[in-house]
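I am attaching a structure below and will ask some questions about it afterwards.
All values reported here derive from a predicted model rather than from experimental measurement. Index from 1, following the sequence. Computation of the quantities below employed the complete heavy-atom set of this structure, encompassing side-chain atoms and omitting hydrogens, waters and symmetry-equivalent molecules.
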Amino acid sequence: MPEIEKKYFSKLLLFGEYTLLQGSSALILPFHNFSAEFDFSGSADSETELSRQNLKQYFSWLLEFQNGYNSVGMDIRQFSSDIQKGLYLKSNIPQGYGVGSSGALVAAVYDRYFNKELKEQEESNSDILLKRFSNMESYFHGKSSGLDPLSCYLGKPLLYKLSEGIKIIEPFSSAADSDLKIFLIDTGMTSRTDGLVRTFIQKSGEVSFQNLLQEKIIPLTNTCIELLLEKKSKKFFNAVKDLSAFQYKYFREMIPIRFLSLWKDGIDRSDFLIKLCGSGGGGYLLGFTRDMVTAELFFREKGIDILPV
């Protein structure tokens with residue numbers, strides 16, 4: 001069996017969840033704590049077999065979707081042959097946690113089974129590549145921006161602006177700024193992204209909510225990104241507080257009930273803040289603090305695990 005060594009890392013969408021679909025900027029980073037790779041050598045345990053079955057279903061969908069649009073340029077014969085030989089995605093990226101489990105799969109399929117000429121052509125135009133990934137990931141979420149698989153495929157920090165498209169930026173780490181730390185909060189439950197996206201799209205059809213998006217949340221999201229990249233940590237923290245308060249008020253469906261009071265604690269205390277990580281509804285939440293020791297102590301006393309970024 002052919003050996004496969006390339007890994008596709010998970011990702012963190014720091015800013016732009018939901019609002020990206022309405023025209024906001026977005027900031028997405030590779031997250032090296034988790035990764036996925038194709039393999040043939042897995043045992044016949046239930047998790048491996050489930051991965052194989054899911055891959056078969058995804059392969060069939062790629063052939064059928066939009067009259068085969070997503071299979072144009074794909075080596076169908078090789079992909080089918082590898083599936084018959086027991087191909088599966090070996091992954092420790094938690095599913096339903098907002099860190100790119102489906103994005104890594106899409107990136108791996110595109111990288112391994114689409115021909116070199118097509119990839120070179122699409123990589124030269126980020127908009128075309130983003131559309132490709134958007135369509136390929138729609139199998140999992142119903143509607144996708146394409147940024148997750150693009151991040152997993154390139155493995156680099158990406159800044160997206162509606163007017164400028166995709167831009168690869170310098171590697172980013174909160175550790176580089178002693179006055180700001182980012183961490184993940186484990187809700188202990190998985191999320192169903194497709195249902196939450198449908199809820200958001202439905203709400204976006206209401207004039208009052210659409211006005212809030214355009215006049216409040218999208219400018220605020222863009223401001224958070226700009227201040228973070230400019231390393232203006234004090235102004236950034238204040239902007240994140242406003243964003244956290246907005247999500248607490250208007251995105252209640254995306255916040256696990258157990259975490260509503262903790263979310264409000266962050267807004268009131270101001271020594272840490274919480275926002276959505278991806279679609280929300282479970283999985284990870286994003287935390288920001290200027291005092292990691294206090295934040296770790298607070299969540300430890302609540303019996304909640306956090307993971308520094």
Side-chain angles (χ1 to χ4, degrees), residues 1-11 13 20 26 28-32 34-42 48 50-91 93 95 99-158 160 165-168 193-194:
M1 296 294 180
E3 293 186 3
I4 304 172
E5 298 181 355
K6 185 169 182 177
K7 292 185 176 182
Y8 302 87
F9 292 103
S10 56
K11 59 80 196 177
L13 180 61
L20 173 61
I28 188 166
L29 314 176
F31 187 49
H32 291 172
F34 307 110
S35 64
E37 60 187 315
F38 279 136
D39 199 1
F40 291 92
S41 60
T48 299
L50 178 60
S51 175
R52 289 190 173 118
Q53 292 302 318
N54 289 339
L55 194 59
K56 288 180 183 178
Q57 293 171 10
Y58 183 53
F59 173 71
S60 297
W61 180 84
L62 286 173
L63 296 181
E64 297 172 3
F65 179 66
Q66 290 185 353
N67 296 318
Y69 165 80
N70 273 330
S71 63
V72 174
M74 185 172 74
D75 190 338
I76 297 172
R77 182 176 297 179
Q78 186 62 57
F79 198 174
S80 178
S81 174
D82 286 348
I83 287 175
Q84 295 303 315
K85 293 173 184 177
L87 181 74
Y88 76 105
L89 189 73
K90 182 170 66 176
S91 173
I93 305 175
Q95 296 186 20
V99 287
S101 58
S102 62
L105 172 58
V106 170
V109 168
Y110 182 80
D111 198 16
R112 181 170 173 80
Y113 294 107
F114 281 73
N115 68 59
K116 181 179 178 181
E117 292 75 15
L118 176 76
K119 288 190 291 185
E120 288 178 349
Q121 178 185 356
E122 295 189 338
E123 286 174 10
S124 67
N125 188 320
S126 60
D127 290 336
I128 293 177
L129 187 56
L130 196 64
K131 180 181 178 182
R132 167 73 68 178
F133 284 138
S134 173
N135 284 321
M136 289 180 68
E137 199 183 29
S138 66
Y139 170 80
F140 301 96
H141 302 321
K143 186 172 184 179
S144 165
S145 68
L147 272 179
D148 284 9
L150 182 62
S151 173
C152 296
Y153 179 67
L154 297 177
K156 297 178 180 179
L158 303 176
Y160 172 79
I166 299 292
K167 179 182 178 182
I168 297 174
T193 297
D194 50 354

* CZ of Arg112 to NZ of Lys6: how many Å apart, nearest 0.5 Å? -> 11.5 Å
* Asn115 side chain near Asp75 side chain, heavy-atom distance below 4.5 Å -> no
* To do: Indicate yes or no: at least one non-hydrogen side-chain atom of Lys11 is less than 4.5 angstrom from one of Leu158.
  => no
* Heavy-atom pair of closest approach, residues Ala36 and Ala104 -> CB-CB, 4.1 Å
* **Note, Pro157 side chain near Pro30 side chain (heavy atom, < 4.5 Å)** => yes
* Structure fact -> To the nearest 0.5 Å, atom CD1 of Ile28 lies from atom CG of Asp148 at 4.5 Å
* Is there a donor-acceptor pair under 3.5 Å between the side chain of Ser81 and the backbone N or O of Gln78? -> no
* **Under the ring pair (Phe, Tyr, Trp, His ring centres under 6.0 Å) test, residues paired with Tyr139 that sit two or more places apart** => Tyr58, Trp61
* To do: Answer yes or no: is there a side-chain heavy-atom contact under 4.5 Å between Val106 and Tyr153?
  => no
* Apply the test side-chain contact (heavy atoms from CB on, under 4.5 Å) to residues Leu62 and Val109: give CA-CA distance (whole Å), side-chain angles for both, the deciding distance (0.1 Å), then the verdict. => CA-CA 10 Å; Leu62 286 173; Val109 168; 4.1 Å; yes
* Asked: Within the side chain of Arg52, is there an N or O that forms a donor-acceptor pair under 3.5 Å with the backbone of Tyr88?
  -> no
* To do: Can you sort out the partners of Lys56 under salt bridge (Lys or Arg N to Asp or Glu O under 4.0 Å), two or more places apart, ordered by chain and number?
  => none
* **Enclosure of Glu123 CD (heavy-atom neighbours >12, cutoff 6.0 Å)** => yes
* Can you list the residues that meet the ring pair (Phe, Tyr, Trp, His ring centres under 6.0 Å) rule with Tyr160, with sequence neighbours excluded? -> none
* Please say whether more than 12 non-hydrogen atoms of neighbouring residues, nucleotides or ligands are located less than 6.0 Å from CD in Gln53. => yes
* Asked: Taking only residues two or more places apart in sequence, or in another chain, which ones meet Asn125 in a side-chain contact (heavy atoms from CB on, under 4.5 Å)?
  -> Asp127, Ile128
* Asked: Sequence neighbours excluded, which residues qualify as side-chain contact (heavy atoms from CB on, under 4.5 Å) partners of Ser102?
  -> Glu137, Phe140, His141
* Inter-residue atom distance Leu118.CG - Tyr110.OH, 0.5 Å rounding -> 5.0 Å
* Structure fact -> Looking only at heavy atoms, the pair that brings Gly100 and Cys152 closest together is O-SG, 4.1 Å
* Does some side-chain heavy atom of Leu105 sit less than 4.5 Å from a side-chain heavy atom of Asn54? -> no
* Structure fact -> Shortest non-hydrogen pair, Ser134 vs Ser144, comes out as OG-O, 2.5 Å
* To do: Quick one: pull up OG in Ser91 and CZ in Phe34 and give me the separation to the nearest 0.5 Å.
  => 9.5 Å
* To do: Return the minimal non-hydrogen interatomic distance between Ser145 and Leu130, and the atom names on each side.
  => O-CG, 3.5 Å
* **For Phe59, side-chain contact (heavy atoms from CB on, under 4.5 Å) partners two or more places apart** => Leu63, Met74, Ile76, Phe79, Ser80, Ile83
* Asked: For Leu55 and Leu89, what are the C-alpha separation, side-chain angles and deciding distance, and is it a side-chain contact (heavy atoms from CB on, under 4.5 Å)?
  -> CA-CA 8 Å; Leu55 194 59; Leu89 189 73; 5.8 Å; no
* Test item: Phe114 and Glu122 side chains (from C-beta on) under 4.5 Å apart, heavy atoms -> no
* To do: Look up atom CZ in Phe38 and atom NZ in Lys90, then write down how far apart they are to the nearest 0.5 Å.
  => 13.0 Å
* Asked: Are Asp111 and Lys119 within salt-bridge range, i.e. N to O under 4.0 Å?
  -> yes
* Looking at NE2 of His32 and OG of Ser10, how far apart are the two atoms once the value is rounded to the nearest 0.5 Å? -> 8.0 Å
